[in-house]
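For reference, the structure is listed below as structure tokens.
Values in this document were obtained by computation on a predicted structure and should not be read as measured data. When a residue number appears, it is its place in the shown sequence, counting from 1.
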Amino acid sequence: MATTDLDIPMREESASPATTKLRLGSLTALVIGSMVGSGVFSLPQNMAAGAGPLAILIGWTVTAAGMLALVFVYQSLAVRRPELDAGPYAYAKAGFGPFIGFNSAWGYWISAWVGNVSYAVIVFSALSYFFPAFGDGNTWQAVLGASILLWIIHFLVLAGIRQAAIVNTVVTIAKIAPVVLFVGVVAVAFKLNVWSLDFTGLGNASLGTIAAQVKSTMLVTLWVFIGIEGASVFSARAERRKDIATATVLGFFTCLALYALVSLLSLGILSQPELAALKNPSMAGVLEAVVGPWGAVLINLALVVSVVGAFLSWTLLAAEIPHVAGKDGTMPKFFGHESERGVPSTSLLITNLLVQAFLVITLFAQSTYQALFYIASAAILVPYIFSGAFAAKLALTGESYQSGESRTGPLVAGVLATIYGLWLVYAAGPAYLFMCAILYAPGIIFYVWARREANQRAFHPVEAVIAVALVAVAILAVYEMWTGAVSAL
């Protein structure tokens, strides 16, 4: 998950419709920019923390298959239902009703702003290389610095100031160039004997079985692919609808190659225990082991520039989601309020207040970057699962298909994407699912609020059962965390 290097256009009197239309190159950059960010800089440690080389290889294979199915889902839906904009949220609502649609929008929003909290933590964790007081990004100095950064960005966005082209260029170079350099340098320095040392990871009893190791990699790989739907989310701004599908496929394979190389090549520089012990951003520690201190300086500086850009762009995105939902009646109308400059001011304020609250929580709970991105990854599973299910539903019913047109491919992709999402729910484990339940349950209040504003029935029988079950799980989660039986942070 990372920055969208193309800013979200805000309305200005001088803007023409053409300026909001994105071509294939821009859409592809949007997809890649939406994924490549803080996650890739921490991949070596995040993957090695719970798995050896064999399990990491299997994990990337499973992820490649599951995410490719999701890519084909978004490719198919962009063509099949071109009238649906805003990606996963719109697909869930169209396929399974307003309550599921609301929860997809709510979950996507949670993932976005919790992801912003993780950005704040990783920025100051990187800066601690130069200023040790920032620690792992969760000291009081780091939280204070992150809070100042948060509200500077808030008022910049509120004033209607958008990223200039030069800033986008700098951010893009700062993200991609160091990653490419890292891959090249580490490939040359790669040692097969280090990579093959305890290849299965079974020599380290703490890692568990191969299956347990593979499971431990799943939320990490999901985190770095969040943003794969970037072109779909901004489908209304595409010059040609078919470019959405092409951009998604190109972005996926580019990022898959970068991610797999970064994590696998690192295992040929440092052993699994050494990688697992690295401080994040762990890419800095790996490069430092090859070229010396300047490698760590380069990676830490690159990450700071990249993630500050990500913080700005995902602040815009996080505010956009409830804003759109508020305007179409899925969320209460006040979320849809705009300033004179077209900024979603109310949604922006609520989003950043939540980010601020979680920053304070990280101080008292000593939450790490990894814990936060696990929560963000788990939260986004609902919109991903229902996107796959919607594609499968269209293929089964034949809706939007011409007579005689093959539906096998889209059906297989939809089913695989849904199964992959459900597997990730299992892989997330109870701690992070409990935390997500606590974050999802309050959304029911806002859903009922929105339905009453529209003079519509709040729940149908099945929806009521789902809502009651969600509240019950959230109450159980609070009890378990209060008694110390489980902890997500």
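Side-chain contact, His154 with Thr315: no donor N or O sits under 3.5 Å from an acceptor N or O. The closest side-chain donor-acceptor pair between Thr221 and Thr63 falls under 3.5 angstrom. In this model, no donor atom of one side chain and acceptor atom of the other lie less than 3.5 Å apart for Glu338 and Ser345. Donor-acceptor pairing under 3.5 Å is recorded for the side chains of Trp109 and Thr351.
Judged by distance alone, the side chain of Gln45 and the main-chain N or O of Ser42 form no donor-acceptor pair under 3.5 Å. Under the 3.5 Å distance criterion, the side-chain polar atoms of Asp328 are matched with a main-chain donor or acceptor of Thr330. Remark: the backbone N or O of Leu359 is paired with a side-chain donor or acceptor of Thr362 at under 3.5 angstrom. In this structure a side-chain-to-backbone donor-acceptor pair under 3.5 Å is present from Thr61 to Leu57. With hydrogens and angles ignored, the 3.5 Å screen pairs no side-chain donor or acceptor of Gln213 with any backbone N or O of Ile56. Panel note: side chain Ser76, backbone Val73; no donor-acceptor pair is recorded below 3.5 Å. Side chain of Tyr401 to backbone of Leu396: no donor-acceptor contact under 3.5 angstrom is found. Judged purely by atom type and a 3.5 angstrom limit, Ser216 uses its side chain to pair as donor or acceptor with the backbone of Gly50. Side chain of Gln356 to backbone of Leu353: no donor-acceptor contact under 3.5 angstrom is found. A donor-acceptor distance shorter than 3.5 angstrom exists from the side chain of Thr418 to the backbone of Ala389, with no hydrogens or angles considered.
Within the 4.5 Å cutoff, the side chain of Phe386 has no heavy atoms near those of the Lys93 side chain. At a threshold of 4.5 Å between non-hydrogen side-chain atoms, the residues Met331 and Tyr447 do not count as touching. Between Ile380 and Pro383, some side-chain heavy-atom pair lies under the 4.5 Å cut-off. By the 4.5 Å heavy-atom criterion applied to side chains, Leu256 and Met67 are not counted as neighbours. At least one side-chain heavy atom of Val478 sits under 4.5 Å from a side-chain heavy atom of Ile438. At a threshold of 4.5 Å between non-hydrogen side-chain atoms, the residues Val448 and Phe459 count as touching. Using a 4.5 Å heavy-atom cutoff, the side chains of Pro410 and Phe72 are not in contact. Side-chain contact between Tyr440 and Leu433: absent, with no pair of heavy atoms (C-beta onward) separated by less than 4.5 Å.
Between Trp423 and Tyr420, a ring centre-to-centre spacing not shorter than 6.0 Å is recorded. Less than 6.0 angstrom separates the ring centroid of Phe334 from the ring centroid of Trp449.
Asn46 CG to Ser263 OG: the interatomic distance, rounded to the nearest 0.5 Å, is 10.5 Å. Atom CZ of Phe252 and atom CG of Leu70 lie 9.5 Å apart (nearest 0.5 Å). Once rounded to the nearest 0.5 Å, the distance linking CE of Met47 with CG of Leu264 reads 7.5 Å. Here CG of Leu348 is found 12.0 Å from CZ of Phe335. Values are rounded to the nearest 0.5 Å. The line from CD1 of Ile210 to CD1 of Ile58 is 6.0 Å long, rounded to the nearest 0.5 Å.
Among residues two or more places apart in sequence or in another chain, the ring pair (Phe, Tyr, Trp, His ring centres under 6.0 Å) test is passed with Phe253 by none. The salt bridge (charged side-chain N to carboxylate O under 4.0 Å, His left out) search around Arg451 returns none, not counting sequence neighbours.
The minimum heavy-atom distance linking Ser118 with Trp223 is given by the pair OG-CH2, 3.5 Å. Contact record, Leu416 with Ala69: CB-CB, 3.8 Å, taken as the closest heavy-atom pair. Nearest heavy atom pair, residue Val40 against residue Val262, reads O-CG1, 3.9 Å. Minimum heavy-atom separation, Trp106 to Phe446: CH2-CD1, 3.6 Å. Across all their heavy atoms, Ala474 and Ala437 have their closest contact at CB-O, 3.6 Å. Pairing each heavy atom of Leu77 with each of Ala391, the nearest pair is CD2-CA, 4.0 Å.
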Under 3.5 Å, sequence neighbours excluded: what are the donor-acceptor pairs made by side chains of residues 98-105?
from	atom 1	to	atom 2	distance (Å)
Asn103	ND2	Phe99	O	2.9
Ser104	OG	Ile100	O	3.2

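A cation-pi arrangement, defined by a distance under 6.0 Å to the six-membered ring centre and an angle within 45 degrees of its axis, is present between Lys393 and Phe96.
Between Tyr74 and Tyr384, the ring planes lie perpendicular to each other; the angle is over 60°, past the 30° to 60° tilted range.
Ion pairing between a basic and an acidic side chain is recognised when a charged N comes within 4.0 Å of a carboxylate O; Glu399 and Arg80 show no such pairing.
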| request: Just do the side chain to side chain contact (heavy atoms under 4.5 Å, CB included) check on Met283 and Phe41 with the steps written out, would you? | output: CA-CA 5 Å; Met283 189 188 287; Phe41 291 97; 4.1 Å; yes
